[in-house]
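A single structure is presented below for examination.
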Amino acid sequence: MSVITDSPAVVAGQQRSAELEQAIAHDPGAFRILTGDRPTGPLHVGHYFGSIANRVRLQEAGVELLVLIADYQALTDRTASADLPDVVLGLVADYLAAGVDPERATIFAHSQVAALNQLLLPFLSLVSVAEIGRNPTVKDEMAAAGSEVMSGLMFAYPVHQAADILACQANLVPVGKDQLPHLELTRVIARRFNDRYSPDAPFFAEPAALLSAAPLLLGLDGRKMSKSLGNSIPLRATADETARLVARAVTDSERRISYDPVGRPEVSSLVLLTALCRDDAPEAVADVIGDGGAAALKEMLTTALNDRFAALRARRAELAADPGYASQVLRDGCARARSVAAATLEQVRDAMGTRY
Ligand code: TRP
């Protein structure tokens, strides 16, 4: 049951995504995905069910997968923290443990790819300040921080994301609804570049957004689950840590457990998470618990999480014991991303006539 009606853009995006899924099933080799995360902390179960599992699914279906660690974007609103390298390598280990296969996929950090960042400059020339200012993320930041405090990098953030995507010549970007405006701007930039510099044969393909039905999981305190709010269950948590985290989750005093995301958001989020771990429907989980109350729900959730992630966590622990491996995977991925982006930049130079 959904009481929130999606905007026409989201509905159109969902229809388009269903068609894309069919095209992917038919010819996975025709697609190259770029997807990524800001390195702000370890991945949690919300990321897993919201995006990581989907990436691994697409990789297994035969689509080429590039995974970006958006380290410059993590610096848009904060200064580099001393533990950034650990956070970045931790992300690499999380991806590998979750099933991203470095033999087939490319994991890279955009700060290591000079040609990608250079594309930001011609792209900035293709959009106006007002257009960037209409991007919802930029608008929110502007409202929250004000233009005196917001960094220029934060302002340029959606254009930088276009450079990420187009440097890799990705044609498919799995996103949540909140990222649709970024993708629309990327498409505008690709179109304008083509119109201006390559009118006879479009150089950049306009990347498509692949909307995934990301389940809305709340944090353990009932707020949005977030790496920075400390209210999530990290993928790499041990079984004991998981039990302790689940124990402190907010519930309500109604004994009978039901799945009612609008009326009982906190309890329903725990039911949904249990269901996702068990590949079951949330209503079925609520029925099984019935009058068992919050205690039974938490017990079932703890077991479900620990069963579902046991193998992933065992791999994660092995990776943590051998940090050189994740480093090597990242170095190899950055080298590959550099060669892809450098080839794009060479062609962009030819198109723009900036070869002397
Ligand atoms: N903006 C994305 C986020 O906040 C991360 C990101 C950066 C990204 N560049 C990207 C995602 C390119 C997809 C493609 O989560």
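The figures that follow rest on heavy atoms only: side chains count, while hydrogens, waters and symmetry mates do not. First listed ligand is number 1; within each ligand, the first listed atom is number 1.
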Take D71 and H110 through the side-chain contact (heavy atoms from CB on, under 4.5 Å) test and state the conclusion after the steps.
CA-CA 7 Å; D71 50 353; H110 61 182; 3.1 Å; yes
Students should be able to answer this: which protein heavy-atom is nearest to atom 12 (C) of ligand 1, and at what distance?
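Ranked first by proximity to atom 12 (C) of ligand 1 is Q161 CG, 3.7 Å.
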Of the protein's non-hydrogen atoms, which lies at the shortest distance from atom 9 (N) of ligand 1, and what is that distance?
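Looking only at protein heavy atoms, the one closest to atom 9 (N) of ligand 1 is D164 OD2, 2.7 Å.
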Before you tell me yes or no, could you show the steps for E346 and R355 under salt bridge (charged side-chain N to carboxylate O under 4.0 Å, His left out), namely the whole-Å CA-CA distance, both residues' side-chain angles and the distance that decides it to 0.1 Å?
CA-CA 9 Å; E346 284 305 309; R355 189 176 293 290; 2.8 Å; yes
For atom 7 (C) of ligand 1, the protein heavy atom that lies nearest, with its residue and separation
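Looking at atom 7 (C) of ligand 1, the protein heavy atom closest to it is Q73 OE1, 3.1 Å.
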Expected output: side-chain E21 to main-chain A18 donor-acceptor under 3.5 Å:
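Absent.
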Near L68, which atoms of ligand 1 are under 4.0 Å from a heavy atom of that residue?
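Numbered from 1, ligand 1 contributes 7 (C), 9 (N), 10 (C).
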Which of the numbered atoms in ligand 1 are under 4.0 angstrom from any heavy atom belonging to G36?
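In order of number, 5 (C), 11 (C), 13 (C).
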Any chance you could measure H182, atom NE2, to H160, atom NE2, to the nearest 0.5 Å?
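One gets 12.5 Å once the value is rounded to the nearest 0.5 Å.
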Have a look at Q179, R38, H182 and point out the one with the heavy atom closest to atom 2 (C) of ligand 1.
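Among Q179, R38, H182, the closest heavy atom to atom 2 (C) of ligand 1 comes from Q179.
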Mind checking the CG-CG spacing from L218 to N231? Nearest 0.5 Å is all I need.
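Going from the CG atom of L218 to the CG atom of N231 covers 9.0 Å.
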Closer than 4.0 Å to some heavy atom of A70 - which atoms of ligand 1 meet that?
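Numbered from 1, ligand 1 contributes 7 (C).
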At what distance, to the nearest 0.5 angstrom, does CG of D164 lie from CD of Q73?
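Here the interatomic distance stands at 6.0 Å.
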